[in-house]
Structures are given as structure tokens and as C-alpha cells.
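Just so it is clear: chains get the letters A, B, ... in the order the sequence lines come, proteins before strands, and each one is counted from 1. Model, not experiment: these values are computed from the prediction. No hydrogens, no waters, no symmetry mates; every other heavy atom, side chains included, goes into these values.
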2 protein chains.
Amino acid sequence: MSRNRRPTIVDVAELAGVSKSTAARALTGSTNITDETRERVVRAASAVGYERNHLAVGMRSGRSGMLGLVMPDIANPFWADVARGAQDRAAQAGMSLLVFSSDWDPDVEATHLQTLRRARVDGAIINPVSDSFDDLDRFGLPCVFIGSSAERFPDVSSVGSDIAQAVRLGLDRLVQMGHPAPALILGPKSRLARARFLRAVHEHCVERDVDPGILDIEDGEYTVEGGREAMKRLMARARVGHLAVFAANDMMALGAMMAVRDAGLDCPRDVSIIGFDGIPSGEFAWPGLTTVAKPGRDIGERAVEGLFDEIEHKPEHRRIYMPCRLIERGSLADLSTHAPKRIAGAGRV
Amino acid sequence: MSRNRRPTIVDVAELAGVSKSTAARALTGSTNITDETRERVVRAASAVGYERNHLAVGMRSGRSGMLGLVMPDIANPFWADVARGAQDRAAQAGMSLLVFSSDWDPDVEATHLQTLRRARVDGAIINPVSDSFDDLDRFGLPCVFIGSSAERFPDVSSVGSDIAQAVRLGLDRLVQMGHPAPALILGPKSRLARARFLRAVHEHCVERDVDPGILDIEDGEYTVEGGREAMKRLMARARVGHLAVFAANDMMALGAMMAVRDAGLDCPRDVSIIGFDGIPSGEFAWPGLTTVAKPGRDIGERAVEGLFDEIEHKPEHRRIYMPCRLIERGSLADLSTHAPKRIAGAGRV
DNA sequence: CTGAAAGCGCTAACAA
DNA sequence: TTGTTAGCGCTTTCAG
């Protein structure tokens, strides 16, 4: 039961009684061909079950028809969402997407980038983990960055969320609810996104005549465990009154919620938490996680579109910052009327 | 600033002062070559920044070095986990993985399968949505199924979870907690997994002298919304006492929890819910979702390994059923002492 | 409008 | 041990 050789364009040409170049012309939609001949070739193609060999096409044209996506963590639903958008948009243009997860490891990232180069992808979308950026410099293919890291690379387009707007959205709501100086749970210091988030917070504080110096800050990995640990440390410090926390990522926010529960406290009664990402899991948590939602799927789509521009050597490199939206679910206590002057961390000033 | 042509093996050969076949031999690790020559070639390769063109290799060898994965829903963390395992295992063997999400749509699935064939993947891992299986018959490449559907295909290997064991695990616990005849929230009737789940439940019931006919059953899509709707219908029926539910999927279970909350009831006080999958979100829910966890990542890895066997024409087709484990988190009420004889749905007999 | 031929980068026979 | 040559399947000149 040996499987027969898969039909090539020669098989099609023979059956149609034309040369293989004519067959190719008919199948690629070239104009220089009689309708009648094309018809015959097309029929022959479907008769033998012909399917164009993309490897051969790629070889000939120098375009593999594949794109790469390298992101830190496909287990994080936000990134799954981004991948989804990218996948769909790529498929729509008849291209395939190779998806890789770097697990926050620069070495793994470097390996994936090499794999992409060897696979001859036509371009890649990257949310870089590497802080050295050497591997990225060496990448040498059309690429688009997702997130904040692109700022160091003037020659690279990027798509991300509008962090300044997002932070404003979150802080405005916190202030309205009576939390003028929330503690922050941020990502690792090496990440550029952390700096941008913090800068946005500072600006917002300054506008309100609040000294950013009073803000309590903890770092952690962008994971549930990272958020849990950071929250534990935050709570370990002696403090009075209600604690409000703005987490830079929903996974961390959910971890923070668990830490609160572990400590026998109640969210939102004792601790208010707001996240950033808008992953669906936030809806199942109790209380539901109030968060600033990024348009993950759109980001994926736009990144692919930007990559197409890059591949076609469209001159201008773009920075796209997508607007975020607030999703209120109940993890914020309303202290605006009950205790307007209790400020978490105020004891430290 | 035109980017130079990427170096080929000819460039390496010229720099090393050998023929291109010698260069190839040196680079592929053939034995028939002087250590000294190899050394020289390797140095030349890294000097020019040579990277093997996988397209060309694939063309020559008939092996693209790529695998495909088609699953219903990458937004479901369980499937993200499977993809993760498959990705890692494939990378470990130096292969790339093309991941596609069919969104439960047979047409989309068919499109993805065609894309995989055209991309000349060496094989594919599929959790089929299609009930007709025509597209699968036509697929004609080495493949491994994930899940129950493979039972209709004696020629195809499969990897999945041991549903019988999983159901037993869940039901045993339900019985211990005083829920001898839980209602079921199952997937769409078209899915083979549904039948297997139901069969396992029936067997368990018969062993305990419980008439499976008294079980209340609702169907829904394998999504949060599907579970929510199904739970609504379940609760709409007049009944007395505590309601226990075994959902065939964690997303549905979480949706069911939301429906309970929507109805102003409390889980686990009024309703007990147990899920199936073991997605991390279940931990954040309140109460935490008790569930039977599948080893998603392992399933992905084993599927890739099975696919390797398939590609190498290892004769025997295997069916691997991975054991599941119970994760207890608190969505089950313990009625075993308080009200041993109150059985949900018993009023209907 | 169609056919013949070249060549993308690589590996594997076959010769030397 | 090394070099020469052919060819994987396709598209695209260049002739006819």
C-alpha cells in the first residue's frame, strides 16, 4: 500500500497536453494564455489532485510564504489572543505562521529566531525578551515588534497598546474610587514596558500634585506566582487602612488576589486590585478582576499588517499604539465617600 | 542600504577552498572527510554567517522539517497547553510546528489541512472537528489524532486522556461527597468525546446500581457561554435540594459557575460543580474549581512522538490514553453527612 | 500564445 | 577523501 508520489506540475501538464510552463501560467493566473487552455489545465490539475508545492515556490521566488511570531508566553491568554489575531490575518493573506514561545528566556528566544531564519520566513513579529538585543540586531529579516522594546530601534515598526492611555484609565478610576496613591506591582526591571508603565504613573501623579515618591512598588515575574509573591511582600510591610494595587499584568493581579486570600483578607474589602491585559480568566475570579484591557487580537492583526508593509519595503516605519479600555468587575472598593482620606502607604511619607 | 544576498553553501565552499559537496559533507556531519577539512569549512561557514536553507533541504530530501497541529480552540488554555508540549517536543527534534485553530468549524479545519499539505509538512496532529471525516480521509499524510475521534480510524495512532478513568475519578469523588447522581453538562452531540464520556458515566452508574436514566443532561458548545446556557436550562427545571453538576470541560464548568452566580445562588452551598481539563483559570475562580485534570502538555509531547513513529513508518498504530488526576479546590459541597439521601434529579424518576 | 531552458540551494550518486 | 553532476518542483526569461 505504498503511497504514490504526490502529483507535480509535470503530471498536470502531461494530462492537459501542454508544457509545464504553460501549466504553471494557467495555475498562477497569468494573462498570456487562452481561456480554453487554462480551463483544460485547471481541470487536469483537479483531476490528478495537484497541490502546489510551497517549498518549491519558496525556493524559486525567495519567498517562503511563512511568517514567524515569537512571544514570551503562550500559556498567558493575552498572548494566545495575540497569536490568534496574527494567525487569522496571516491566513487571510495566504501565509502561514510559525508560533514560538520564548518562556522569558533570551537564549530560547535566540534559538527561535535562528529557527525562523533557517525556515526562511519572510518576516517575524517579536516581543523581545532579550535585553542585549544582539540577537535582534543579527536577525536581519523584516520584522515588527510588539510592545515597548521597539523604542530602541528606530528602524523597526512596532505595534503595542497605548500604555500612557491605559495607565490613565486605570488611575483615573482608582482616584475616583478614593485610591489616589496605589501601590504598584510591576514586571522585572529589565523590561522596557516596566519603565513606560512607571513613567505614565509618575506623570499622572504629578498632574494631580501627588508625590510619586510615596508610591509603594514591588517587582515580579509576569506570572501568577510573581504577582503572588510581590503581593505578599507588599502586605508584609506594616501599614494602616485599605491597600490599593495596580498590577502591570492580569496574571500578576490574579496572583495578588490569591495572596490576599491566603492572608485571610478580603478583596475588595481590605485590598483593591486592578489589572492590565483583559484576559478572560479575570471574569471568573471572585471578585471579578477589574482591569484595563488591551486589544490583543487586534494587536496581532495589526502586527501582521505592519509586517507586510515591512516586507514590501514600504519606507516609513510606524509605531502603532492601540487604545485600551477599562473593564469593571468589582475588585475595587469604593472609598470615595466612606473614607476619603485614608491613603495606602501614606504612613511612609 | 540594500541587504546583501544571504550566504549559500557555495560561498562557504569558495571561502574554504573546497567544492560545495565537500562543504555540505562537512556541515551535515558526514564521516568521509578529514578533520582538518571539516574544521576549515565550519570556520568558513561561521565567517560568512552561513545558515542552512531549510527550504532547499526540504526540497531535496522530501522532508520539510515541519509538522502541523490543528486543534479547535487555541483560546482555551487546555489547548494552549497541548500546543506548548507539542512545540517543545518538536523543537527538541529540530522541527518546527505550524499551529492552527479551527474554531470548531469543519470548513476552517479543511482549509488548514490543505494549507498544511501545501506547506509540505511531514505530518500533522489533529483533533478533528469534522464529523464527516472526508477531509481527513483525503489528508493522506502521516498523522496522529488527539482525542476520541480516532476510534473510527483503525489506521491512525492517537493520543488522548483516559476518559473512563477520568470520569471514574470525578464520579467517585462526587459519590463520596454525597452526589450519587449528578447532572451532566456535555459537549455537542456530534462529538465522539461526548459519547465516550457518557458511556463512562453510565458504566459507573450501573456498577453502583444507579439507573443512568435518572441523570439530567444538558448539551452546549465547549465554551464558557455554552456552559452558562446549559446551566441556566438545568436550573430552570423545577427541582428540590442541592444540584450537583459534572461538566465535560472546564470552560463550561466556569460558565456554569457564572450562571449559578447570575441566579443569585451560591456554589458550593446550593450547587456543586466539577469540571474536566485542569486549566489554570479554575484556580482563580471562587470557589476554586474542582476538576479532573488532563495532562495537556504531555499529550502534546506524546502526540509528536507518535507522529515521528508514523513518519518513520513504524508499523503498529498506537492508542495512548493518558491518566488524569483530580484537583480539589472547593466547588463541591460535602453532603455525605448532612443530607445523605437528597439526590438531585431524583424527583423525576 | 506557447515551449525550451535556466536556475533557486541543497544533497547524493558516481567518478576520480 | 574529494570533485562533478544531476535533479528535487517551480517560475520566468527568451525564442518561436
Side-chain angles (χ1 to χ4, degrees), chain A residues 3-42 44-45 48-66 94 96 116-122 141, chain B residues 3-42 44-45 48-66 94 117-122 141:
Chain A
R3 244 194 280 286
N4 304 350
R5 190 178 50 83
R6 294 173 72 176
T8 77
I9 201 166
V10 179
D11 300 315
V12 176
E14 277 174 1
L15 182 58
V18 297
S19 72
K20 65 174 181 170
S21 34
T22 301
R25 270 189 284 263
L27 265 17
T28 50
S30 163
T31 52
N32 295 335
I33 195 165
T34 325
D35 279 353
E36 190 265 327
T37 311
R38 161 169 298 129
E39 178 94 0
R40 198 146 40 92
V41 172
V42 170
V48 300
Y50 172 72
E51 265 165 343
R52 213 208 236 82
N53 185 334
H54 275 204
L55 254 47
V57 172
M59 171 118 223
R60 184 59 238 232
S61 66
R63 293 262 179 110
S64 65
M66 298 192 300
S96 306
L116 291 178
R117 276 202 313 272
R118 286 209 266 247
R120 253 56 181 183
V121 294
D122 297 327
L141 290 183
Chain B
R3 243 193 281 287
N4 304 350
R5 190 178 51 83
R6 294 172 72 176
T8 76
I9 200 165
V10 180
D11 300 314
V12 176
E14 278 174 0
L15 182 60
V18 297
S19 74
K20 63 175 182 169
S21 37
T22 301
R25 270 189 285 264
L27 264 17
T28 50
S30 165
T31 52
N32 296 335
I33 195 164
T34 325
D35 278 354
E36 189 265 326
T37 312
R38 162 171 293 130
E39 178 94 2
R40 197 146 40 92
V41 172
V42 169
V48 300
Y50 171 73
E51 264 165 343
R52 209 207 239 84
N53 184 334
H54 275 205
L55 255 46
V57 173
M59 172 117 218
R60 180 65 240 227
S61 65
R63 293 263 178 111
S64 66
M66 298 192 299
R117 276 201 311 272
R118 287 209 265 248
R120 254 51 180 186
V121 294
D122 298 327
L141 290 183

Strand contacts (DNA chain D) in residues 50-66 of chain B, 4.0 angstrom heavy-atom criterion: B:Met59, B:Arg60

Whichever of B:Val18 and A:Leu27 has its nearest DNA chain D nucleotide further upstream toward 5': B:Val18

Which residue lies more 5' along DNA chain D, comparing B:Arg120 with B:Ile33 via nearest heavy atoms: B:Ile33

Expected output: side-chain B:Asp122 to main-chain B:Arg63 donor-acceptor under 3.5 Å: no

Contact boundaries on DNA chain C for chain A, cut-off under 4.0 Å to non-hydrogen atoms: C:dC1 to C:dG9

Under 3.5 Å: donor-acceptor pair, side chain of A:Thr37, backbone of A:Ile33: no

For atom CD1 of B:Ile9 and atom P of D:dC8, their distance in whole Å: 19 Å

A:Lys20 NZ - D:dC8 P separation (whole Å): 9 Å

For atom CD of A:Glu14 and atom P of D:dG9, their distance in whole Å: 12 Å

Backbone of A:Arg120 reached by a side-chain donor or acceptor of A:Ser64 within 3.5 Å: yes

Under-4.0 Å salt bridge between B:Glu51 and A:Arg118: no

Heavy-atom side-chain contact between B:Thr8 and B:Asn53 under 4.5 Å: no

Contact nearer the 5' end of DNA chain C, comparing A:Thr34 with B:Thr8: A:Thr34

Beyond-backbone contact of B:Arg38 with B:Leu27, side-chain heavy atoms, under 4.5 angstrom: no

Test item: A:Glu14 and A:Ile9 side chains (from C-beta on) under 4.5 Å apart, heavy atoms: no

Check: B:Leu55 and A:His54 side chains under 4.5 Å, non-hydrogen atoms: no

Side-chain (B:Thr28) to main-chain (B:Ala24) donor-acceptor, under 3.5 angstrom: yes

Side chains of B:Arg52 and B:Val57 in contact at under 4.5 Å (non-hydrogen atoms): yes

Interatomic distance, B:Arg40 CZ vs D:dT2 C1' [rounded to whole Å]: 11 Å

Inter-end axis angle, the helix from C:dC1-D:dG16 to C:dA16-D:dT1, with every axis fitted to five base pairs (rounded, 10 degrees): 40°

Short side-chain N/O contact from B:Ser21 to OP1 or OP2 of D:dT4, under 4.0 Å: no

Check against side chain to side chain contact (heavy atoms under 4.5 Å, CB included), A:Thr22 and A:Arg25: CA-CA 5 Å; A:Thr22 301; A:Arg25 270 189 284 263; 4.0 Å; yes

For atom CG of B:Asp35 and atom P of D:dT1, their distance in whole Å: 10 Å

